[in-house]
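Order of the sequence lines sets the chain letters (A, B, ...), proteins ahead of strands, with each chain counted from 1. Hydrogens, waters and symmetry mates play no part in the numbers below; they use all other heavy atoms, side chains included. Just so we're clear, the structure is a prediction, and the values are computed from it rather than from any experiment.
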There are 2 protein chains.
Amino acid sequence: MENDRELLKGSTDSLLLALLTEQAMYGYQLVKELERRSQGYFQFREGTLYPALHRLEKDGLIAGKWQPSPVGKDRRYYAITDTGRTFLHARLAQWTGFSKAVSRVLVPSGA
Amino acid sequence: MENDRELLKGSTDSLLLALLTEQAMYGYQLVKELERRSQGYFQFREGTLYPALHRLEKDGLIAGKWQPSPVGKDRRYYAITDTGRTFLHARLAQWTGFSKAVSRVLVPSGA
DNA sequence: ATACCACATCTCGCCTAGCTAGGTAAGTAA
DNA sequence: TTACTTACCTAGCTAGGCGAGATGTGGTAT
């Protein structure tokens with residue numbers, strides 16, 4: 001996750017939506033959870049995360065709601081929508097297809 | 001390979017370099033070979049391919065050489081350099097790490 | 001009070017890189 | 001001539017990650 005800037009493009013949405021299928025979360029939480037699940041690999045920057053969330057909300061894939069926090073600033077919790085779930089399923093299939101195609105070229109074991 | 005525009009970012013170089021480890025090839029040939037190996041998945045556009053090759057050459061990862069063609073316009077054959085091989089190895093490791101991290105989040109089977 | 005840190009969100013501007021849509025040009029075939 | 005395949009090139013558009021900075025709350029330490 002140092003130089004994967006370009007690799008990450010196209011997967012950000014899927015990663016965020018995947019986490020939100022289980023429960024609504026707020027931005028900061030998503031970053032921490034993403035880091036935990038990927039065993040430290042993903043460490044999203046604010047400049048990546050928030051614009052992405054705004055994009056997803058604008059496109060109707062997630063819905064945000066402000067909630068007070070007991071420990072700091074108000075949080076904006078995002079929940080995935082039905083459209084978001086459909087979108088995610090398509091993306092997962094796309095990711096599978098893509099990574100298989102890459103593997104076929106990079107590791108031509110079946111040659 | 002319709003909407004994978006963003007997914008492709010970060011993998012283009014690896015795909016091209018991987019093909020060139022076996023033999024020198026020219027642009028048009030790389031496109032066809034990539035399509036064949038990925039079983040039709042990758043169909044690089046000229047606007048993706050040529051700028052990528054020029055980038056790789058400028059960075060010293062590949063070296064180009066004009067050769068006459070028996071059937072059409074002259075071809076520019078590219079060979080991978082030692083720097084290119086080293087770079088590719090690093091990229092392959094990066095790709096493996098990245099795709100595993102994505103899988104861990106998208107398919108949390110070991111949860 | 002002042003300083004500092006963790007939490008929490010936002011945005012401007014930069015940069016990379018894929019693609020559209022055009023162009024050039026050689027050879028072959030109808 | 002027209003048209004298709006091979007073969008290369010590029011300007012301009014666009015998407016999206018990220019650095020850096022701003023804003024604000026609340027707790028703890030000095």
Side-chain angles (χ1 to χ4, degrees), chain A residues 1-17 24-35 41-59 61-62 64-78 91 94 98 101-102, chain B residues 1-17 24-35 41-59 61-62 64-78 91 94 98 101-102:
Chain A
M1 186 67 190
E2 316 86 52
N3 272 40
D4 302 9
R5 205 166 172 146
E6 298 302 328
L7 271 182
L8 189 57
K9 293 189 179 182
S11 302
T12 308
D13 295 354
S14 304
L15 293 170
L16 295 176
L17 290 173
M25 291 193 223
Y26 56 96
Y28 201 82
Q29 185 184 8
L30 281 163
V31 174
K32 300 297 175 192
E33 189 59 21
L34 213 42
E35 188 173 352
Y41 192 91
F42 292 120
Q43 290 178 290
F44 274 34
R45 305 285 166 182
E46 293 97 320
T48 300
L49 178 76
Y50 294 108
L53 289 174
H54 299 161
R55 225 160 41 224
L56 292 172
E57 184 168 29
K58 188 172 67 62
D59 293 344
L61 306 180
I62 60 177
K65 191 166 57 172
W66 284 104
Q67 303 262 247
S69 161
V71 294
K73 260 187 88 173
D74 283 1
R75 298 162 171 171
R76 189 158 176 82
Y77 279 84
Y78 290 99
R91 282 288 211 206
Q94 192 187 21
F98 177 77
V102 170
Chain B
M1 187 70 191
E2 318 84 51
N3 274 38
D4 302 8
R5 201 168 175 147
E6 299 302 327
L7 270 183
L8 189 57
K9 294 190 176 182
S11 302
T12 309
D13 295 354
S14 303
L15 293 170
L16 295 176
L17 289 173
M25 291 193 222
Y26 56 97
Y28 201 82
Q29 185 185 7
L30 280 163
V31 174
K32 300 297 176 194
E33 188 59 20
L34 213 41
E35 188 173 353
Y41 192 91
F42 292 119
Q43 289 178 292
F44 274 32
R45 305 284 164 181
E46 292 99 320
T48 299
L49 178 76
Y50 294 109
L53 289 174
H54 298 160
R55 223 160 42 223
L56 292 172
E57 185 168 31
K58 188 171 66 64
D59 293 344
L61 306 180
I62 59 176
K65 191 168 55 172
W66 285 104
Q67 303 261 246
S69 161
V71 294
K73 260 188 89 175
D74 284 1
R75 300 163 169 170
R76 189 156 176 85
Y77 278 85
Y78 290 99
R91 282 289 211 205
Q94 192 186 22
F98 177 77
V102 170

State whether R5(A) places a side-chain N or O below 4.0 Å from either non-bridging phosphate oxygen (OP1 or OP2) of dC18(D). no
Using nucleotides 22-30 of chain C, report all nitrogen or oxygen pairs with the protein that are shorter than 3.5 Å.
unit_1	atom_1	unit_2	atom_2	d
dT24(C)	O2	K73(B)	NZ	3.4

Tell me whether the OP1 or OP2 atom of dG19(D) has a side-chain N or O from R45(A) closer than 4.0 Å. yes
For the side chain of T48(B), counting heavy atoms from C-beta on, which of dC19(C), dC18(D), dG16(D) is nearest? dC19(C)
Which one, dG18(C), dT9(C), dG17(D), comes nearest to the side chain of Y50(A)? dT9(C)
If I compare all heavy atoms of F44(B) with all of L16(B), which pair ends up nearest, and what's the gap? CE2-CD2, 4.2 Å
Indicate whether OP1 or OP2 belonging to dG18(C) is found under 4.0 Å from a side-chain N or O atom of T12(B). yes
Are R75(B) and dA7(D) close enough that a side-chain N or O sits under 4.0 Å from OP1 or OP2? yes
If you compare every side-chain N and O of Y26(A) against the phosphate oxygens of dA8(C) (OP1, OP2), does one of them come in below 4.0 Å? yes
Is there a side-chain contact between R55(A) and the phosphate of dG16(D), meaning an N or O under 4.0 Å from OP1 or OP2? yes
For the side chain of L8(A), starting at C-beta, report the closest nucleotide among dC8(D), dC18(D), dT9(C). dC18(D)
For the side chain of K9(A), starting at C-beta, report the closest nucleotide among dC18(D), dA15(D), dT20(C). dA15(D)
Side-chain N or O of H54(A) versus OP1/OP2 of dT9(C): is the shortest distance under 4.0 Å? no
From dG16(D), dT9(C), dG18(C), pick the nucleotide closest to the side chain of E6(B)? dG16(D)
